[in-house]
Amino acid sequence: MLDFGVLKRQIDRMAIERKNLENDFFERIDLALSEMDRWEGPWEALSNKIASSRTSWLVARPAGPFGEAHPVPERPARVTVIASDGSQIFPDRHEVSNCYLINIGYVAIHYGTGERPVMASRPTLFYSEEDLYQEWAGRRTTVTREMVGVKRGAMEFEQVAVLSEAARAEGRTVVGLSDGTLILWMLEGKPYDFRRQTLRSYLPSFERLRKARVPVAGYISDPGSADVVNGLRVGLCPEKPPDCDRCPWKTLEAQQALEGGAEVGIPCEPIAGVTDDMLYARRLKKGERSGVFGSASRILEDYGPHRICFFYVHTGVEIARIEIPLWVAEDRELLDLVHATVCDQAEKGRGYPVVLSEAHERAVVRAADRDIFYRFLKDTFVQNDIKAEVSLKSLKKIAASV
């Protein structure tokens with residue numbers, strides 16, 4: 001049986017440690033906020049310091065004071081909000097045929113006109129040799145799940161571009177929204193030809209939207225990023241310029257630890273662990289957005305005029321990170337349009353943009369859909385007298401489900 005006396009002492013110790021950690025974390029947030037206030041005036045000096053620094057983490061590049069807040073603009077009486085989302089059935093060598101499917105759900109909601117929204121999906125089957133095999137760095141390889149995901153993402157933005165161009169041709173004010181980041185993080189460490197082909201599949205859609213003057217934005221819920229906080233950490237560093245790879249404070253701390261001397265703190269560590277949304281939850285009111293920041297991701301060096309910037313917005317339910325291309329960030333009219341539309345969409349969706357929810361519902365491929373898809377394949381092969389082979393692994397799955 002449990003020794004509840006011993007257990008109770010352990011629970012009490014855990015509670016005390018948790019409380020101390022919580023108090024320490026709130027102190028870190030307060031310190032980060034005070035740093036934000038300290039650089040309110042000399043923000044350009046901090047911006048220059050960030051530009052000259054070499055850090056081991058991503059640091060936001062400010063275009064104004066870190067703590068500035070902008071009230072929500074009025075949304076146009078008539079606006080069309082467009083979104084797309086995708087889902088897929090990945091290639092499965094154990095199934096009837098080596099192929100894969102991408103389903104793109106798309107939504108266009110016209111506000112202020114009384115028109116019915118456009119809500120539909122478009123499935124596309126990929127089965128040709130060029131769809132199933134790719135060549136990177138001189139090596140021919142079978143298409144992977146990651147490659148399918150890249151193709152799906154490009155198709156999502158292409159669908160937004162097609163719908164946006166049609167809506168603009170009708171004289172509408174249009175905003176395009178995407179679920180998640182606009183930064184292709186998967187390109188980190190990839191071969192040059194993979195990066196080049198991926199960007200060639202994405203950026204033309206961004207260019208079509210720029211020419212149509214349709215702002216596009218990526219909505220990131222519960223972001224957890226710390227680019228802005230990392231900028232404040234650079235401000236805490238006494239080195240000129242900061243260089244994380246040659247940090248003398250880390251060396252001194254390690255030396256003191258070996259010698260058993262007094263602990264030496266690293267100057268930037270007191271606000272480490274704080275995220276941007278924690279700061280702006282204390283700084284922004286409902287509907288307000290932060291200033292615009294540039295992302296320091298090296299991936300964006302090949303984006304050209306579509307380099308990604310971001311801001312934070314208080315939707316009333318959460319602090320969301322909104323990513324936009326540079327040409328949107330530099331056009332105040334388009335920037336305000338994105339700000340107003342995101343807040344309006346989040347309110348209509350009770351905390352999450354309704355157009356993104358609707359696009360997801362039309363894109364999702366459920367397990368039952370997958371089963372029907374493979375049944376269609378098998379039946380069609382049989383009807384056309386094509387040999388359909390199913391692996392032993394799949395047969396075992398079928399037998400187990402009966």
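Because the structure is a prediction, the values reported are computed rather than measured.
In this structure a side-chain-to-backbone donor-acceptor pair under 3.5 Å is missing from T341 to V338. Judged purely by atom type and a 3.5 angstrom limit, D276 uses its side chain to pair as donor or acceptor with the backbone of V228. Using a distance-only test at 3.5 Å, with no hydrogens or angles considered, no donor-acceptor pair links the side chain of K49 to the main chain of P241. With hydrogens and angles ignored, the 3.5 Å screen pairs no side-chain donor or acceptor of Q10 with any backbone N or O of L7. Side chain of R28 to backbone of E269: a donor-acceptor contact under 3.5 angstrom is found. Proximity of a side-chain donor or acceptor of R75 to a complementary backbone N or O of A77 within less than 3.5 Å is detected. Without hydrogens or angle criteria, H110 side chain to R172 main chain gives no donor-acceptor distance under 3.5 Å. At least one donor-acceptor pair under 3.5 Å links the side chain of N103 to the backbone N or O of A363. Looking at D379, its side chain never comes within 3.5 Å of a backbone N or O of F376 through a donor-acceptor pair. Not one N or O on the side chain of S47 forms a donor-acceptor pair closer than 3.5 Å with the backbone of W43.
Atom CD1 of I183 and atom OG of S295 lie 3.5 Å apart (nearest 0.5 Å). For the atom pair CD1 (I82) and CG (L177), the distance works out to 10.0 Å, reported to the nearest 0.5 Å. Annotation: the span from F293 atom CZ to Y312 atom OH amounts to 8.0 Å, rounded to 0.5 Å. Note: L326 CG to F206 CZ = 12.5 Å, rounded to the nearest 0.5 Å. Within the model, atoms OH of Y352 and CG of D222 stand 12.0 Å from one another, a figure rounded to the nearest 0.5 Å. One finds the CH2 atom of W327 at 9.0 Å from the CZ atom of R213 (value rounded to the nearest 0.5 Å).
A salt bridge links K190 with E146: at least one charged nitrogen is closer than 4.0 Å to a carboxylate oxygen. Remark: R283 engages D37 in a salt bridge, criterion side-chain N to carboxylate O under 4.0 Å. The pair D371-R375 does not meet the salt-bridge criterion, since no charged nitrogen lies less than 4.0 angstrom from a carboxylate oxygen. Note on E129 versus R140: salt bridge recorded, some NZ/NE/NH1/NH2 to OD/OE distance being below 4.0 Å. At a threshold of 4.0 Å, the pair D243-R246 counts as salt-bridged, since one of the basic side-chain nitrogens sits closer than that to a carboxylate oxygen.
For the pairing with I271, the side-chain contact (heavy atoms from CB on, under 4.5 Å) check across V229, L33, N230 returns one residue only, V229. With L334 as the fixed residue, the side-chain contact (heavy atoms from CB on, under 4.5 Å) test singles out one of V216, V175, I324, V328: V328.
R321 and S225 form a side-chain donor-acceptor contact under 3.5 Å, judged by distance and modelled atom types alone. R145 and Q88 form no side-chain donor-acceptor contact under 3.5 Å, judged by distance and modelled atom types alone. A donor-acceptor contact under 3.5 angstrom links the side chains of D131 and S128, judged on distance only. A donor and an acceptor atom, one from each side chain of S290 and E68, are nowhere located under 3.5 Å apart. Counted by atom type alone, Y280 and T275 present zero donor-acceptor pairs between their side chains at under 3.5 Å. Checked by atom type, the side-chain pair E207/H306 shows a donor-acceptor distance below 3.5 Å. A side-chain N or O of T113 and one of E115 form a donor-acceptor pair less than 3.5 Å apart. Side-chain atoms of E156 and S84 include no donor-acceptor pair closer than 3.5 Å.
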Only pairs under 3.5 Å count here: list side-chain donor-acceptor contacts from residues 296-304, not counting sequence neighbours, and write none if there are none.
from, atom 1, to, atom 2, distance (Å)
S297, OG, I299, N, 3.3
Y303, OH, L182, O, 3.1
Y303, OH, L184, N, 3.1

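The number of heavy-atom neighbours closer than 6.0 Å to CZ of F90, taken from other residues, nucleotides and ligands shown, is above 12. By the 6.0 Å contact criterion, CD on E170 is enclosed, its count of non-hydrogen atoms from other residues, nucleotides or ligands being greater than 12. With a 6.0 Å radius and a threshold of 12 heavy atoms from other residues, nucleotides or ligands, Q134 has its CD atom above the threshold. Heavy-atom contacts from other residues, nucleotides or ligands closer than 6.0 Å to CZ of R282 number more than 12.
Under the 6.0 Å distance and 45° angle rule, K348 counts as a cation-pi partner of Y111.
Using a 4.5 Å heavy-atom cutoff, the side chains of L236 and L232 are not in contact. Side-chain contact between H360 and L356: absent, with no pair of heavy atoms (C-beta onward) separated by less than 4.5 Å. Considering only heavy atoms from C-beta on, V317 stays 4.5 Å or farther from R350 through its side chain.
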Run the side-chain hydrogen bond (donor to acceptor under 3.5 Å, both in side chains) test on D179 and Y219 for me, step by step, so that the C-alpha distance in whole Å, both residues' side-chain angles and the decisive distance to 0.1 Å come before the verdict.
CA-CA 5 Å; D179 180 23; Y219 184 97; over 6 Å; no
